[in-house]
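Notes follow once the structure below has been shown.
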Amino acid sequence: MSSKAQLSWVPFFTLFRRECMRFQKVAAQTLLTPLINSSLYLLIFGVSLGQHISLVSGVSYLAFLIPGLVMMSCLNNAFQNSSSSVGGAKFAGELEDFKVTPLSEQQIIWALSFGGLARGLIVGFITYLVGQAFYFLTHGAWLGVEHPLILLFFLIVGGLAFAQLGLMVAFWAKTFDQLSVVGGFILLPLLYLGGVFFSIESLHPFWRNLAQFNPLLYLINGVRYGILGISDVPLGFAAVVSLLALLLMYVLALRLLRVSSFSRW
Amino acid sequence: MSADQSPLEIKGLRKSYGSFEAVKGVSFDVRPGEIFGLLGPNGAGKTSIISVVVTLERPSAGQALVFGQDVQVNPRYTKSVIGYVPQEIINHGFFNVEEILSFYSGYFGKRKNQDRMEWILQRLQLWEHRKKKVKQLSGGMKRRLLIAKALVHEPKLLLLDEPTAGVDIELRCSLWDFVVELKKMGVTILLTTHYLEEAEKLCDRVAIIHQGELRCVGETHGLIHELTQRQVVVVLKSELKPIRHPLLVAQREHELEFRLPASMAVGELLLELGLDMAVVQDLRISEGSLEDAFQCIVGEKS
């Protein structure tokens, strides 16, 4: 490998490795807690309440819920990973290391994004496995994956977009409070109202129209189509909205990286 | 990069934070292979200058050139040849010393850097602590880790911002020994410190800045000679009756103490005194110190 090529790939993979090691070192917090959360959602909503809910599409409520929870886990963890990594690095003064070494802006953005995506995919997969267990116990059969490549596409695009949203917020934030405001007051409502727990077909037309403006609706329905083969929104349109969301997040994260201070909080 | 290319040139550098101008048009250069001391009281602008060089801050005006490359125009090159030791301790919460150095090597494009890492850890007495996290290290070890990080990529220019702040005297001495060793290996070093006695011993040249302005720059001993007065004590065999001379500081039983400006030779003084050489038993001449020079510069306008 030439020295020039080494300079571009080694720093990227090093930073990516650091991100993965970071969440593995606190696995109880980053991987186990989401596992418990997903189990509780599936038990309470999917198994207990789900018996009394019938859907227009004909699939069981538990089957409907699993893809939504997989995507919610993936997006939430991708966001949490990159935002807490940069926020923590700012707090410790470690972010200055990124600035004083020859890491490029692109390497920082993409290594941190793929680190967030890695955690999002692992937690999403764990959620899927837990969902499978509940599904097998209640239905006596396994829940298949109808379109694996489509599933992977929406998970990767969504995970990267949310990891970059996390970067953007963390580069912008000057305190941990500001960091948690975005997660708690903006992201969580959008996730819950993005069709994780219900089909927008069941909503009043006013709310159904309003929900169309929530980009998470398209990401979540993309994953639902990948697993179940059903979606509340046209798949092609969902793919375009998801890619546009990723592009927007990338541009904003890059902008914030350029203008923000790397100094310690 | 030619052998005589200046490792660092600061040209008309200005840095403002809002309406406060921390650096006011500072210019100096650092020569290849030297230890250069950037001295000044707290808030003088030393860290602001270093922050511009490592691109943590953008200059408001002027330039910082590293081996002829503008740090704003070609930052990836300039950062690849700089080792930077910040003033404040950095806490890498999740990782141990070895992992931190491994990451740092990777950021500089070095995938397999075990030999270099081991040499640094051994040399800085951190080898046995390599599996410890930063919070498990003592203050001195944390400082040494900062230096270790700055050296993993074999930098050509090392910037040390108060590397011995809060460090005990034994460790300070060993760190300065290491700095001299690095100089012998061809590394150019710019350091800031409040220990002026140590700076006087270590630095080939110094710049003194105060309130954002460069007050003087030059060879350390040349500056001391220029800015301070020599103490000359004439020891006499027998007691002398009281004499009057504008440079006389004190007259004791067998001693006459004078303060001589750099422009005056000791011989001139003796001629002026008209002393019979037979009564002079000894002459004790001591130079001023860097601290005296520093006080002379910093004290004059503050």
Side-chain angles (χ1 to χ4, degrees), chain A residues 1-30 81 84-108 111-112 115 119 176 257-265, chain B residues 17 47-48 50-58 66 69 71-72 74-96 98-113 133-135 142 145-146 149-150 152-153 155 157-159 161:
Chain A
M1 191 185 283
S2 72
S3 62
K4 198 171 179 182
Q6 255 192 11
L7 202 65
S8 70
W9 285 106
V10 175
F12 169 81
F13 281 116
T14 304
L15 190 51
F16 173 67
R17 186 165 62 94
R18 175 195 176 277
E19 287 302 291
C20 294
M21 283 173 70
R22 198 189 71 86
F23 72 73
Q24 284 166 34
K25 280 182 185 269
V26 279
Q29 182 194 330
T30 55
N81 198 72
S84 62
S85 178
V86 171
K90 268 188 177 178
F91 183 73
E94 202 184 346
L95 200 64
E96 289 187 358
D97 282 356
F98 294 175
K99 188 72 173 175
V100 302
T101 55
L103 282 164
S104 69
E105 290 166 344
Q106 296 299 336
Q107 285 167 344
I108 294 173
L112 294 179
R119 177 170 150 190
F176 276 115
L257 170 72
R258 282 179 181 162
V259 301
S260 300
S261 168
F262 279 63
S263 299
R264 177 191 295 255
W265 275 346
Chain B
Y17 302 94
T47 299
S48 292
I50 291 178
S51 297
V52 168
V53 176
V54 296
T55 73
L56 279 171
E57 299 286 352
R58 286 174 197 274
V66 173
Q69 301 287 320
V71 299
Q72 289 296 315
N74 196 357
R76 290 186 75 187
Y77 166 73
T78 61
K79 287 190 261 190
S80 72
V81 293
I82 292 176
Y84 167 58
V85 179
Q87 201 176 117
E88 288 188 52
I89 300 286
I90 292 174
N91 183 9
H92 304 257
F94 298 103
F95 304 112
N96 66 36
E98 200 171 41
E99 288 166 342
I100 292 165
L101 290 194
S102 165
F103 294 148
Y104 223 69
S105 299
Y107 298 159
F108 283 93
K110 292 188 178 289
R111 200 154 53 92
K112 291 178 180 165
N113 203 24
K133 291 179 181 171
V134 175
K135 66 182 175 189
K142 287 176 186 168
L145 174 60
L146 292 179
K149 280 168 59 186
V152 286
H153 60 294
L157 172 64
L158 184 62
L159 307 176
D161 194 2

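Only heavy atoms go into these numbers, but all of them, side chains included; no hydrogens, no water, no symmetry mates. Since the model is a prediction, treat every value here as computed from it, not as a measurement. The sequence lines fix the lettering, A, B, ..., with proteins before strands; numbering per chain opens at 1.
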Is chain A contacted by the side chain of B:S102, its backbone, both, or neither, given a heavy-atom distance below 4.5 Å? both

If I measure from the heavy atoms of chain A, does B:I89 come under 4.5 Å with its side chain, its backbone, both, or neither? backbone

Heavy atoms only: give me the nearest A:G93-B:I90 pair and the separation to one decimal. O-CD1, 3.6 Å

Taken to the nearest 0.5 Å, the spacing of B:F94 CZ from A:Q24 CD works out to 12.5 Å

Can you tell me how far the CZ atom of B:F103 sits from the CE atom of A:M21, to the nearest 0.5 Å? 4.0 Å

Considering only heavy atoms from C-beta outward, does the side chain of [X] approach that of [Y] to under 4.5 Å?
X      : Y      : value
B:F95  : A:K25  : yes
A:K99  : B:T55  : yes
A:P102 : B:H153 : no

Which of these passes side-chain contact (heavy atoms from CB on, under 4.5 Å) with B:Y107: A:V100, A:T101, A:I108? A:T101

